[in-house]
Amino acid sequence: MSSDNEGTTSSSESEGADSVKGNATLEFIENLSDVPMGRLPSNIEFQRTRVDCKADAPIHTDTFQYSGAYSSMRVENSFLDYFCDNFRVEVIRLTEDEMEFDMIGIDPALANAFRRILISEVPTMAIEKVLIANNTSVIQDEVLAQRLGLIPIKADPRLFEYAENNTASEKNTIVFKLDVRCERSGQRLSVKSKELVWLPNGSEFPLESQDSKTGLSSKPKTYTSFTCSQDSLPEFSGNPIAPALGDILIARLGPGQEIELEAHAVKGIGKTHSKWSPVSPVWYRMLPEIVLLEDIEDQLAEKLVAVCPVKVFDIEDIGKGKKRATVARPRACTLCRECIREGKGWENAISLRRKKDHFIFNIESSGVFPPEVLVTEAVKILEDKCDRVISDLS
């Protein structure tokens, strides 16, 4: 019995000695100057934050944003903490219809989600139903209706409801009238989107009487059920509704040809049909980063400047008649790789990179909304999605 106790005691003492020895070894390793405990080694940090664009293909394209990815090095990699500390938006260029801005400190998945929301989930108003009374042009009725549907309508969709049960009212439908005829002989008439006239009182095309006995009705019933004129409402009185662009060609009429129709616009999203998409192109790319690993001087510098099609590089005078290549416009780089295709020496001297958490966004509005409003609406939709996920998990 005593021998068992002695064996247990000696085993515990042995384990304790091993633990002390292990801690001492770990402390010794941590104190070494070339062991970056608490931070990532430079090569791993480069792979985590940069895409390295080689002459044949890019490398290090994966992202590791989940918490615990580098826990063995005592580095916390929580995306949420990083996002809260580093995320920001910088507007680079803003015009009436276009916007360029940088999103910094964001994961590629969220950047792509933001792009997809802009394309397919921000609601707009678009022509959905076309009632054709007369069309003697060379364009078939269905093609004419499709062309009308693609005309962007300058109307705030936030002021309208989604049409339900096909009941058209002043709260969910906008009615336009197109009535044109080519009178001049020997000439053609170009019918453009400015010819679409807003009908604030709703449809003017009468339905057949529902009274089977008398065939008469006290008031002609139309294809819409407006209870009041839209221009009498305060939200529309100061914002007349019209096509976003007036010079969009709809059709060309020959002598004697005419078009008479009504077009009904309703609220929808691009996920249903592209005619409801509020943007033309919306795209993003990672911020380019060009690093000269070696000095490129004199004739080689001139060759480098000449070979770049977008003029990323420039030449500076370093004195004594010598010149050196510099990176003057890295943002303009399109990753054509012409600067590193001359041979292995060029690839060793020039490093083409992309920052994984810095995105250049370009938005071109179709005219329905200013681009800065589109960004705000897309952020609201993304926020609603996050709230729904949180509520479902709780």
Novice: Could you walk me through whether Glu142 and Arg147 satisfy the salt bridge (charged side-chain N to carboxylate O under 4.0 Å, His left out) test, starting with their C-alpha distance in whole Å, then the side-chain angles of each, then the deciding distance to 0.1 Å, before giving a yes or no?
Specialist: CA-CA 9 Å; Glu142 59 272 20; Arg147 292 179 67 85; over 6 Å; no
Novice: Distance under 6.0 Å and angle within 45° of the ring axis: does Lys267 meet both against Phe160?
Specialist: no
Novice: Test of understanding: clusters of I, L, V, M, F, W, Y form through side-chain heavy atoms closer than 4.5 Å, transitively. Do Ile132 and Leu150 belong to the same one?
Specialist: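 As far as the 4.5 Å side-chain criterion goes, Leu150 and Ile132 are not connected within one cluster.
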Novice: Flag the pair Val368 / Leu374 as yes when at least one side-chain heavy-atom distance between them is below 4.5 Å, and no otherwise.
Specialist: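 A side-chain contact under 4.5 Å is absent here.
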Novice: Under 30°, 30 to 60°, or over 60°: which ring-plane class applies to Trp276 and His273, parallel, tilted or perpendicular?
Specialist: perpendicular
Novice: Say you draw a straight line from CG of Leu178 to CG of Leu196; how long is it, rounded to the nearest 0.5 Å?
Specialist: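 CG of Leu196 is found 5.5 Å from CG of Leu178.
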Novice: Checking ring-ring contact (aromatic ring centres under 6.0 Å, His included) for the pair Phe205/Tyr223: CA distance, chi angles, key distance, verdict?
Specialist: CA-CA 7 Å; Phe205 284 179; Tyr223 286 87; 7.0 Å; no
Novice: Ion pair present between Glu316 and Lys323, side-chain N to carboxylate O less than 4.0 angstrom?
Specialist: no
Novice: Roughly how far, to the nearest 0.5 Å, is the CG atom of Asn201 from the CD atom of Glu170?
Specialist: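 So the gap between those two atoms works out to 10.5 Å.
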Novice: Assess whether atom CD of Glu164 is packed by more than 12 heavy atoms of other residues, nucleotides or ligands within 6.0 Å.
Specialist: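 Open: at most 12 neighbouring heavy atoms sit under 6.0 Å from CD of Glu164.
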Novice: Can a salt bridge be assigned to the pair Glu297 and Lys322 using a cut-off of 4.0 Å between side-chain N and carboxylate O?
Specialist: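 Salt bridge flag = yes for Lys322 with Glu297.
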Novice: Would a 4.5 Å heavy-atom cut-off, applied to side chains only, mark Ile340 and Ser351 as touching?
Specialist: no
Novice: Flag the pair His60 / Phe46 as yes when at least one side-chain heavy-atom distance between them is below 4.5 Å, and no otherwise.
Specialist: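 Yes. Closest side-chain heavy atoms under 4.5 Å.
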Novice: More than 12 heavy atoms of other residues, nucleotides or ligands under 6.0 Å from CD of Gln299: yes or no?
Specialist: no
Novice: Between Ile104 and Phe359, is any pair of side-chain heavy atoms under 4.5 Å apart?
Specialist: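 Side-chain contact under 4.5 Å: no.
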Novice: So which heavy atom on Pro157 is nearest to which on Pro123, and how close?
Specialist: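 Shortest heavy-atom separation between Pro157 and Pro123 comes out as CG-O, 3.1 Å.
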Novice: Do Phe313 and Cys339 touch side chain to side chain, with heavy atoms closer than 4.5 Å?
Specialist: yes
Novice: Give the minimum heavy-atom separation between Ser203 and Thr224, together with the two atoms involved.
Specialist: N-OG1, 2.9 Å
Novice: Between Lys385 and Glu383 (salt bridge meaning N to carboxylate O under 4.0 Å), is one present in this structure?
Specialist: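 Looking at Lys385 and Glu383, the cut-off is not met.
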Novice: Please identify which of these residues, Glu262, Glu204, Glu260, meets the salt bridge (Lys or Arg N to Asp or Glu O under 4.0 Å) condition with Lys177.
Specialist: Glu204
Novice: Is it the case that the side chains of Asn134 and Glu258 hold a donor-acceptor pair, with the cut-off being a distance below 3.5 Å and no angle test?
Specialist: yes
Novice: Looking at side-chain heavy atoms only, is the closest gap between Asp231 and Trp198 below 4.5 Å?
Specialist: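 Yes, close enough: below the 4.5 Å cut-off.
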Novice: Could you see if Leu233 belongs to whatever hydrophobic cluster contains Ile241? Use Ile, Leu, Val, Met, Phe, Trp, Tyr and a side-chain cutoff under 4.5 Å.
Specialist: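 Yes, because Leu233 and Ile241 connect within a single hydrophobic cluster, where side-chain heavy atoms sit under 4.5 Å apart.
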Novice: Tell me, with the steps shown, if Lys355 and Asp357 meet salt bridge (charged side-chain N to carboxylate O under 4.0 Å, His left out).
Specialist: CA-CA 6 Å; Lys355 291 187 177 181; Asp357 65 343; over 6 Å; no
Novice: Looking at Glu289 and Arg50, does any basic side-chain N land under 4.0 Å from a carboxylate oxygen?
Specialist: yes
Novice: Is the count of non-hydrogen atoms from other residues, nucleotides or ligands lying under 6.0 Å from Arg341 atom CZ greater than 12?
Specialist: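 Check passes, neighbour count above 12.
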Novice: Under 4.5 Å between any side-chain heavy atoms of Glu195 and Ile250, yes or no?
Specialist: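 Sidechains of Ile250 and Glu195: no contact.
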Novice: Does anything in residues 358-381 form a salt bridge (charged side-chain N to carboxylate O under 4.0 Å, His left out)? List the pairs, not counting sequence neighbours.
Specialist: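 Qualifying pairs, neighbours excluded: Arg158-Glu377, Glu377-Lys380.
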Novice: Do side-chain atoms of Asn86 reach the backbone of Phe83 as a donor and acceptor pair under 3.5 angstrom?
Specialist: no
Novice: CZ of Arg116: more than 12 outside heavy atoms within 6.0 angstrom?
Specialist: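 Not buried by this count: 12 neighbours or fewer within 6.0 Å.
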Novice: Quick check: is Trp283 connected to Ile119 through a chain of hydrophobic side chains (ILVMFWY, heavy atoms under 4.5 Å apart)?
Specialist: no
